[in-house]
Amino acid sequence: MKQKLKKLIWDAVKTAYEDNALPSSEFPDVEIEEPKVEKHGDFSTNIAMKMASIQKMSPRKISEIIIDHISDPDNLLSGTDIAGPGFINFFINESSWHPVLRQIHEAGNEFGASDIGRGKRIQVEFVSSNPTGPLHVGHGRGASVGDSTANILSFCGYDVQKEYYINDSGRQIHTLGQSVLFRYREQLGEDVEFPEECYQGDYIRELAEEVRQREGDALMSSGEEAAIEYCARYASKKIIEGIKIDLDSFGVRFNRWFSEQSLYDSGKVDADIKELQDKGMIYKEDGALWFKTTEYGDEKDRVVVRNNGQTTYFASDIAYHKDKYDRGYEKVIDVWGADHHGYIPRMTAAIEASGRKKDQFHVILVQLVNLLRDGEPVAMSTRAGEFVTLDDVIREVGKDAARFIFLTRHHESPLDFDLELARKKTNDNPVYYVQYVHARISSIIKKAGERGINHIAWDDQGVAMLREPEEIRLIKNMARYPEVVRNSAEFMEPHRITFFLRNLASAFHTYYNKHRVLEDDEVLCRGRLYLILTIKNVIHNGLTLLGVSAPEKM
RNA sequence: GCGCCUGUAGCUCAGCUGGAUAGAGCAACGGACUUCUAAUCCGUAGGCCGCAGGUUCGAAUCCUGCCAGGCGUACCA
C-alpha cells in the first residue's frame, strides 16, 4: 500500500515539474508516515516541507501543486488534505484495503517473509553458558532473544545458523572438576572442608554420586589432577546434556554446538597466536603476551597468554571468531549478557585485526533479568547454588509464557520477571491475550464448520461487505506486518513482533465484542470468516517467530 | 575517574530512527455475559517525556553539559 502511494506521489512530482509547475528537478526521497491521529488520514507525507527550500516556495503551495498533479487510476484514494505546516494527508478507499486479505491468505505461512537478506550467510551465537551449572532465568532471556532474532532473520531471507559455544576448557572447568571431586570424597567418608570458591549447588552432589557409582573408590587412589580431570570431563558432559534438554523444552534448537576445547585440540589457538605474532600484533611484556587491541580503538592492550604460560579466554575467543568467518559467515552475531559489554572493543579489535570489517560483527547485549516472586526479589548466585533454573521456570510458568515475557521489552532494558505473575492465567499475562485470539478464531471456524461452512475462501461480495471501522482497522494493522518483520530483522529487535501482536490482538478483541462473525447474512458471514482466517494466519506467523505456540483451544 | 546501558502516567513499559493533540497494560473508579470462549470488551481519571542549553519549519527522538540508577573497567570467564 505504502509503495503504491509512494509511486503516486513520485509520479505527481515529476508531472508537476514537466508541466513547469515546479522550478527545480531536485527532489528528496518520498517519506510516508502513518499518522497517529485518524483525522490525519491513513498516510501522510512531509515531502512538501522537505522541498520548500529547494523549490523556494511555501510548503503549502507545493502541497497544492502535488495534489493537483496526482492521478489515481486504481481509485486508491478517497481524499487528500493539506494540514499543519504542509503535510499532505491521504485517505485510502475502504475497498482498496480488501486485496490485502487475499495477499495474506495466499502467502499463508510465508506472509511477512521477504528476501532482504538475499541469502547472506549469517551466524547467531547465543546462550553459550559455561557448562558448570544448569541454565538459569537470565540464560532464558538470552535464548529467547537469540532464537527469535535468528528466526526473524531467516524469515527475511538470510541464511542463518544458530550456534552454542561450549566453554569446556580453562579454569572454571577445573573448578567444576574440583567441586565434584570434593563431594565425591565427602561421600566416601573423607572429612573434607568444601572450599568456598567451588560450586555449591546440589547438582554437584548428584554428579559426585554418579561418579561414585561408576568408579567406586577408584578415584581416591589415582592422582589428584587426573581425578579432577576425570570429574571435570564427566560433569561438564552431563551438564551440557542437561542444558540441551532444557533448551529443547524451551523450543530452542541449535545447528551446532561448538567446543572451545576443540580449538586447542586442533592447534588453532596456538596457530592464530603465532600468526598474529608474525604480523607484529603481539608483543611480550612482564612475561605475558599482549595483543595490540589499542590499535583498533580498545582502551588498553589485552593479554592472550599469561606469564604462567596459560592462554586467556580472549585467546580462544580470537580463534573461535576467526573460525566462524573461515566457515564462510559474512556476518557474525553474538548475544551476550550486558555484564560482558566491556569485552566488545577487544573482540571487535581482534576481528578487525584479522582483516574483517567492523560491521561484520554485531553484539546484541541483553540486560539482566531480575527474578521476582510476588514482587519480592529472588536471590541468585550460581556459585552459592541459590538460583531458579530455567527448567524450574519452564515447569512453573510454561515455555510460551516465559518466551513471550522475555520479549516484552527491548533487550537493552532490564526486565523484571515475576514468577507469580507469569504463572497466573489472567490478563496480567500478555501471552494469553495474544494466544486467546488464535483460540477464539479457531473456535469460530469450528462452529462455522458445524453449520456446514467448511471451506472459507476469497469471495468478492463477502469481502466487499467488510466496511465496519473495526474491520478496516484490522486490515490496516495486518498490512503493516511485513514492514514490522523487516524492521525487526534490520534492527535485530524481536520485541517489535511482540508489540505488533498485542496490538493486533487488541484490535481483534474489540471487533469480537462488537460484531458477530457468524451472522445470518450469509454473504457478510463469508466475508468476516475470511477476515478472521487471515488474522489467525498473521497471529500464527508472529507467534512462530517468537517460538510461542498458537493453540486451537484454551 | 573513564566507558556502555537506562531515566516517558502511581507501577511495568511502547513510541514506526525528526512530525501534527505523547500511547498501551497493570493498579483505581463506573459499566457489559440467556447470543461465535468474560484468559474478553467499553468508559472515566491520570504527563514540565530526569534537568538545562543547542541544532530547525518542527525534538520524547539528534548534539553538548549536568543529575540519578544499573553494569563494566583483571595476566577471571
Side-chain angles (χ1 to χ4, degrees), chain A residues 31 33-37 39-40 44-46 49-50 52-53 58-59 83-87 89 130 132 167 169-173 175 260 285-290 299-300 302-314 316-317 337-345 365 367-368 370 375 408-416 418 421 424-437 439-448 450-451 480 483-484 487 490-491 495-496 498-500 502-503 505-506 508-519 525 528-529 532 553-554:
Chain A
E31 287 175 33
E33 288 150 8
E34 292 168 50
K36 291 173 196 158
V37 193
K39 208 171 69 189
H40 294 141
S44 73
T45 180
N46 59 358
M49 275 118 80
K50 291 223 157 186
S53 59
S58 82
F87 289 102
N89 297 330
N130 296 329
T132 55
N167 298 114
S169 164
R171 209 180 70 173
Q172 49 189 348
I173 288 300
T175 307
E260 179 186 13
E285 195 177 291
D286 301 333
L289 292 182
W290 298 73
E299 56 184 18
K300 55 180 283 196
R302 306 292 175 175
V303 170
V304 286
V305 181
R306 292 189 261 163
N307 61 11
N308 62 7
Q310 286 184 328
T311 48
T312 60
Y313 181 84
F314 184 41
S316 49
D317 250 352
D339 53 340
H340 285 64
H341 77 253
Y343 207 78
I344 297 174
L365 280 183
Q367 284 287 342
L368 302 180
N370 302 313
T408 50
R409 301 225 181 327
H410 186 108
H411 50 71
E412 278 184 0
S413 60
L415 169 75
D416 289 339
D418 195 309
L421 211 76
K424 280 184 195 159
K425 300 199 167 179
T426 68
N427 42 11
D428 296 357
N429 201 333
V431 67
Y432 299 112
Y433 188 79
V434 175
Q435 288 184 317
Y436 194 40
V437 173
R440 268 185 156 171
I441 292 175
S442 303
S443 168
I444 299 171
I445 291 174
K446 193 171 152 230
K447 209 128 221 167
E450 287 165 9
R451 293 190 189 182
R480 283 180 48 231
E483 195 184 342
V484 170
N487 286 336
E490 191 184 340
F491 298 108
H495 76 282
R496 289 172 187 248
T498 315
F499 280 89
F500 170 85
R502 284 218 270 196
N503 236 309
S506 168
F508 173 76
H509 287 312
T510 299
Y511 176 61
Y512 180 90
N513 274 276
K514 194 161 175 185
H515 304 284
R516 287 183 61 81
V517 173
L518 300 178
E519 281 282 357
C525 180
R528 289 189 170 169
L529 278 170
I532 64 166
K553 208 163 55 172
M554 285 171 74

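- The two residues A/Phe87 and A/Ser44 have their closest heavy-atom pair at CD2-OG, 4.5 Å.
- For the C1' atoms, the distance from B/G7 to B/C13 is 12 Å, rounded to whole Å.
- In terms of heavy atoms, A/Leu365 sits closest to A/Ala338 at CD2-CA, 4.1 Å.
- A/Arg516 approaches A/Arg528 most closely through the heavy-atom pair O-NH1, 2.7 Å.
- Nearest to the side chain of A/Leu518, among B/U40, B/C36, B/G72, sits B/C36.
- A/Phe508 has its CZ atom 13 Å from the P atom of B/C36, to the nearest Å.
- Atom NE2 in A/His341 sits about 14 Å away from atom P in B/G70, given to the nearest Å.
- Side-chain nitrogen and oxygen atoms of A/Arg409 include at least one within less than 4.0 Å of the OP1 or OP2 phosphate oxygen of B/C13.
- Distance, A/Phe314 CZ to B/G72 P: 19 Å, rounded to whole Å.
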The test is side-chain contact (heavy atoms from CB on, under 4.5 Å); show your working for A/Ile445 and A/Ile532 and say whether it passes.
CA-CA 9 Å; A/Ile445 291 174; A/Ile532 64 166; 4.2 Å; yes

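- Syn is the glycosidic conformation of B/U17, whose angle stays within 90° of 0.
- Residue A/Arg440 places none of its side-chain N or O atoms closer than 4.0 Å to OP1 or OP2 of B/A39.
- If you take NE2 of A/His411 and C1' of B/C4, they are 14 Å apart, rounded to a whole angstrom.
- A/Tyr512 carries A/Arg440 over the face of its six-membered ring, with the cationic atom under 6.0 Å from the centre and within 45° of the normal.
- For the OP1/OP2 pair of B/U40 and a distance below 4.0 Å, the side-chain nitrogens and oxygens of A/Tyr511 include no atom meeting the criterion.
- Atom P of nucleotide B/G15 and atom CD of A/Glu483 are separated by 14 Å, given to the nearest angstrom.
- A sub-4.0 Å separation between OP1 or OP2 of B/G15 and a side-chain N or O of A/His495 is present.
- Using a 4.0 Å cut-off, no side-chain N or O of A/Lys514 falls inside it from OP1 or OP2 of B/U35.
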Under the side chain to side chain donor-acceptor pair (under 3.5 Å) criterion, do A/Glu260 and A/Ser316 qualify, and how do the steps go?
CA-CA 7 Å; A/Glu260 179 186 13; A/Ser316 49; 2.6 Å; yes

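- Within 4.0 Å of A/Asp286, counting heavy atoms only, lies at least one base atom of the nucleic acid.
- Judged by distance alone, with hydrogens and angles left aside, A/Asp339 brings no side-chain donor or acceptor close enough to the base of B/G72 to form a pair under 3.5 Å.
- Between the side chain of A/Ser506 and the base of B/A24 there is no donor-acceptor pair of N/O atoms closer than 3.5 Å.
- Comparing the same atom, P, in B/C51 and in B/G10 gives a spacing of 13 Å after rounding to whole Å.
- Remark on RNA chain B: of its neighbouring residues A/Arg302 and A/Met554, the 5'-side contact belongs to A/Met554, judged by nearest-heavy-atom nucleotide.
- In this structure, of B/U40, B/C75, B/C5, it is B/C5 that holds the atom nearest to the side chain of A/Gln367.
- For the pair A/Asn46 and A/Glu33, the minimum side-chain heavy-atom distance is below 4.5 Å.
- A/His40 qualifies as a stacking partner of the B/A20 base, centre to centre under 5.5 Å and near-parallel within 30°.
- B/A39 has no stacking from A/Tyr433 on its base ring, since the centres under 5.5 angstrom apart and planes within 30 degrees of parallel are not both found.
- Ring geometry, A/Phe499 versus A/His495: the interplanar angle exceeds 60°, so the pair is classed perpendicular (tilted spans 30 to 60°).
- In this structure, the nucleotide among B/A20, B/U73, B/A39 sitting nearest to the side chain of A/Glu299 is B/U73.
- At a threshold of 4.0 angstrom between heavy atoms, the contacts of A/Asn46 include nucleobase atoms, whether or not backbone atoms are also involved.
- Note on A/Glu33: a base of the nucleic acid sits closer than 4.0 angstrom, heavy atoms only.
- The separation of B/U17 from B/U61, taken at their C1' atoms, amounts to 8 Å, rounded to a whole angstrom.
- One cannot find a donor-acceptor pair under 3.5 Å joining the base of B/A77 and the side-chain atoms of A/Asp317.
- Among the nucleotides B/A77, B/A74, B/A14, the one closest to the side chain of A/Lys300 is B/A74.
- Between the P atom of B/G70 and the CG atom of A/Leu415 lies a distance of 18 Å, rounded to the nearest Å.
- Using a 4.0 Å heavy-atom criterion, one finds that A/Ser443 contacts the bases of the nucleic acid, with or without backbone contacts as well.
- Contact annotation for A/Ala439: base contact, defined as any heavy-atom pair under 4.0 Å involving a base atom.
- The heavy-atom pair separating A/Ile441 from A/Phe508 by the smallest distance is CG1-CZ, 3.6 Å.
- Rounded to whole Å, the separation between the C1' atoms of B/C49 and B/G18 comes to 15 Å.
- The base of B/C75 is paired with the side chain of A/Asn307 by a donor and an acceptor separated by under 3.5 Å.
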Please determine whether side chain to side chain donor-acceptor pair (under 3.5 Å) holds for the pair A/Tyr343 and A/Arg302, giving the CA-CA distance in whole Å, both sets of side-chain angles, and the decisive distance to 0.1 Å.
CA-CA 10 Å; A/Tyr343 207 78; A/Arg302 306 292 175 175; over 6 Å; no

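- Atom NE2 of A/His340 is separated from atom P of B/A77 by 10 Å (rounded to the nearest Å).
- Closest contact between the side chain of A/Ser413 and the listed nucleotides B/U12, B/A14, B/C75 involves B/A14.
- Shown here, B/C33 is classed syn by the O4'-C1'-N9-C4 or O4'-C1'-N1-C2 angle, which is within 90° of 0.
- The gap from the P atom of B/U40 to that of B/C66 amounts to 47 Å, rounded to the nearest Å.
- B/G15 and B/G72 have their P atoms separated by 26 Å, given to the nearest Å.
- Distance check on atom P: B/C11 versus B/G50 gives 14 Å, rounded to whole Å.
- For the P atoms, the distance from B/G19 to B/A60 is 10 Å, rounded to whole Å.
- To the nearest angstrom, P of B/G18 lies 14 Å from CZ of A/Phe87.
- Looking at RNA chain B, the stems built from 3 or more consecutive Watson-Crick or G-U wobble pairs, each pair with its key distances under 3.5 Å, are B:1-7 with B:67-73, B:10-13 with B:23-26, B:28-32 with B:40-44, B:50-54 with B:62-66.
- A/Leu289 places none of its side-chain heavy atoms less than 4.5 Å from the side chain of A/Val303.
- Judged by closest nucleotide on RNA chain B, A/Glu519 is the one of A/Ala288 and A/Glu519 placed further toward the 5' end.
- Closest to the A/Ile444 side chain, of the nucleotides B/C36, B/A20, B/C75, is B/C36.
- Contact annotation for A/Arg516: base contact, defined as any heavy-atom pair under 4.0 Å involving a base atom.
- Listed pair A/Arg306 / B/A77 meets the phosphate criterion, a side-chain N or O lying under 4.0 Å from OP1 or OP2.
- Looking at heavy atoms from C-beta onward, A/Tyr313 lies in side-chain contact with A/Asp317 at the 4.5 angstrom threshold.
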